[in-house]
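As structure tokens, the structure follows; a few thoughts come after it.
For clarity, every value in this text was computed on a predicted model and none was experimentally measured. This chain uses plain numbering: 1 for the first residue, then up along the sequence.
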Amino acid sequence: MALNQKVKNLIQKLGEAIHESVSESEDIAGVVKNIREQGFDVLLMLEATIGLNEVEEETGEADELLALPAESGEAPFTQNDLTFLRSLRISLVEDGAQEK
């Protein structure tokens with residue numbers, strides 16, 4: 001999916017906002033200070049993954065729930081839920097089979 005320049009700029013601003021929030025957090029600064037008082041230097045590296053899903057026209061398909069058998073005891077999932085689970089290498093158990 002190609003992103004236009006405006007979206008790229010917004011993603012960059014989001015990253016900067018996250019960095020600023022962490023940098024200015026009094027809670028984080030306090031914990032870092034306590035660690036330094038214990039004789040350690042602190043290097044804090046955070047990784048943020050930003051996922052985008054293009055919003056489709058309101059066809060109802062994007063939010064349509066995929067029904068699972070009632071006896072499975074599991075909640076229904078949207079197609080986006082299933083895509084996300086697959087990206088984590090998680091699959092749903094079908095026909096009573098066990099996940100590996």
Side-chain angles (χ1 to χ4, degrees):
M1 172 172 67
L3 299 177
N4 64 38
Q5 192 59 43
K6 183 175 183 177
V7 174
K8 289 179 183 178
N9 290 339
L10 291 170
I11 291 171
Q12 183 175 349
K13 285 184 178 186
L14 178 58
E16 292 168 1
I18 292 169
H19 177 267
E20 187 176 321
S21 295
V22 171
S23 298
E24 295 180 0
S25 169
E26 292 180 17
D27 291 334
I28 292 174
V31 173
V32 168
K33 180 183 174 193
N34 291 339
I35 292 171
R36 286 189 175 140
E37 288 173 352
Q38 296 298 312
F40 294 92
D41 196 12
V42 177
L43 172 63
L44 178 62
M45 294 175 45
L46 301 175
E47 180 180 331
T49 301
I50 300 170
L52 301 176
N53 285 320
E54 191 168 7
V55 179
E56 299 176 8
E57 296 294 323
E58 290 192 33
T59 61
E61 292 177 21
D63 292 329
E64 184 177 316
L65 296 179
L66 303 175
L68 295 176
E71 63 272 4
S72 73
E74 298 190 33
F77 293 91
T78 65
Q79 188 60 46
N80 284 342
D81 295 335
L82 295 176
T83 301
F84 175 70
L85 290 172
R86 275 193 295 271
S87 75
L88 298 174
R89 298 181 188 263
I90 298 172
S91 62
L92 298 177
V93 178
E94 295 181 13
D95 299 326
Q98 293 286 328
E99 277 188 59
K100 292 184 180 180

Exercise. When clusters are formed by joining ILVMFWY residues with side-chain heavy atoms under 4.5 Å apart, either directly or through shared neighbours, do V32 and L46 land in the same one?
Worked result: yes
Exercise. Should side-chain heavy atoms under 4.5 Å link Ile, Leu, Val, Met, Phe, Trp and Tyr, which residues sit in the same cluster as L10?
Worked result: none
Exercise. When Ile, Leu, Val, Met, Phe, Trp and Tyr are grouped by side-chain heavy atoms lying under 4.5 Å apart, directly or through other members, which residues fall in the same group as M45?
Worked result: L43
Problem set entry | side-chain hydrogen bond (donor to acceptor under 3.5 Å, both in side chains) against Q5, all qualifying residues, sequence neighbours excluded | N9
For this session: Not counting sequence neighbours, which residues clear salt bridge (Lys or Arg N to Asp or Glu O under 4.0 Å) with R36? List them please.
Result: D41
Could you pull out every donor-acceptor pair under 3.5 Å between side chains of residues 11-26 and any protein atom, sequence neighbours left out?
from : atom 1 : to  : atom 2 : distance (Å)
Q12  : NE2    : E16 : OE2    : 3.3
S21  : OG     : A17 : O      : 2.9
S23  : OG     : H19 : O      : 2.8
S25  : OG     : D27 : N      : 3.4
S25  : OG     : I28 : N      : 3.2

